[in-house]
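The figures that follow rest on heavy atoms only: side chains count, while hydrogens, waters and symmetry mates do not. Worth saying up front: this structure is predicted, and the values here are computed from it rather than measured.
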Amino acid sequence: MALPNARQLRQRGQDWLLSCADDPAPVLRAWAEDQLAPFPSGVHWTVAEAPLTQSMEAVKRIGPAGCGPVLADVSAGRAWWLLPPELGGEPDDIWHLTVHPAGWLLPCPPLLYPIRGRVWTEPPTGNGRLTDPVVLGAALGPGGSPRVTEEAHG
């Protein structure tokens, strides 16, 4: 059995992202017009916003085995982490992390190319994996956390 190539993996991730839209048709139209498309938080994920620099350091600390999707805006210096929709109080004590309420709209580009400075630094893979808020908190907190390994994260 052949392993999927990078384009197939990105397409799976994009298919998953489209499945999170209220209606995929307007999303596809927006992308065809080189526009960002809004995705609501709440049902499929919670959005946590952080400074881009700290987020990229956190991505390195967490490692690929523990990172869910991360969207970045290089022009604004911001990043948005997709976390499970049913958060407890885990990320509340991280001063530079803003957790947006359900219904908040996250303007997203497609996975295959950036739009207006927004790019998926950690794209969805299609498996529905989201970043564990406890792991994110440890990685963004003072000193950060060690790299998450495949064994440690299942």
Side-chain angles (χ1 to χ4, degrees), residues 3-22 24 27 36-115 117-154:
L3 294 175
N5 64 33
R7 185 157 180 82
Q8 290 171 320
L9 289 174
R10 291 234 181 215
Q11 188 61 54
R12 286 182 192 167
Q14 187 152 298
D15 291 345
W16 174 83
L17 184 61
L18 285 168
S19 77
C20 297
D22 291 336
V27 170
L36 298 169
F39 285 81
S41 64
V43 174
H44 301 283
W45 61 62
T46 296
V47 177
E49 183 175 343
L52 182 57
T53 303
Q54 286 92 338
S55 292
M56 294 302 89
E57 288 299 317
V59 165
K60 287 193 305 190
R61 290 179 184 130
I62 294 170
C67 255
V70 180
L71 177 63
D73 187 319
V74 295
S75 303
R78 306 300 300 164
W80 296 271
W81 296 76
L82 303 188
L83 308 177
E86 64 289 333
L87 285 183
E90 293 97 345
D92 288 345
D93 59 346
I94 304 166
W95 69 270
H96 49 272
L97 188 69
T98 301
V99 178
H100 293 287
W104 187 81
L105 297 176
L106 177 63
C108 298
L111 271 66
L112 304 177
Y113 55 90
I115 294 178
R118 291 220 176 170
V119 62
W120 291 96
T121 59
E122 296 295 318
T125 60
N127 65 6
R129 181 181 64 205
L130 303 169
T131 302
D132 181 329
V134 174
V135 171
L136 177 59
L140 285 173
S145 72
R147 178 177 285 272
V148 174
T149 63
E150 196 69 47
E151 298 81 34
H153 210 342

Legend entry - Lys/Arg cation over aromatic W80: R118, 6.0 Å, 45° cone: yes
Legend entry - Any W81 side-chain heavy atom under 4.5 Å of V59 side chain: yes
Legend entry - Note, V74 side chain near L52 side chain (heavy atom, < 4.5 Å):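 Yes, side chains in contact.
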Looking only at atom types and distance, does a side-chain atom of [X] sit under 3.5 Å from a main-chain N or O of [Y], one as donor and one as acceptor?
{"X": "S41", "Y": "T46", "value": "no"}
{"X": "T125", "Y": "R12", "value": "no"}
{"X": "R10", "Y": "L112", "value": "no"}

Nearest 0.5 Å, please: how far is [atom2] in [Y] from [atom1] in [X]?
{"X": "L97", "Y": "L83", "atom1": "CG", "atom2": "CG", "result": "7.0 Å"}
{"X": "R61", "Y": "M56", "atom1": "CZ", "atom2": "CE", "result": "12.0 Å"}
{"X": "F39", "Y": "L105", "atom1": "CZ", "atom2": "CG", "result": "10.5 Å"}
{"X": "L18", "Y": "C20", "atom1": "CG", "atom2": "SG", "result": "9.0 Å"}

Legend entry - Pairing residues for E122 by the salt bridge (Lys or Arg N to Asp or Glu O under 4.0 Å) criterion, not counting sequence neighbours: none
Which pair of non-hydrogen atoms, one from [X] and one from [Y], has the smallest distance, and what is that distance?
{"X": "L130", "Y": "P84", "value": "CD1-CA, 3.6 Å"}
{"X": "G42", "Y": "P85", "value": "O-CB, 3.3 Å"}
{"X": "I62", "Y": "C67", "value": "CG2-N, 3.7 Å"}
{"X": "P109", "Y": "I115", "value": "CB-N, 3.9 Å"}
{"X": "G126", "Y": "W16", "value": "CA-CB, 3.7 Å"}
{"X": "P124", "Y": "L111", "value": "O-CD2, 3.3 Å"}

Inset, instruction - Evaluate side-chain contact (heavy atoms from CB on, under 4.5 Å) for V47 paired with L82, printing each intermediate quantity in order. - result: CA-CA 5 Å; V47 177; L82 303 188; 4.2 Å; yes
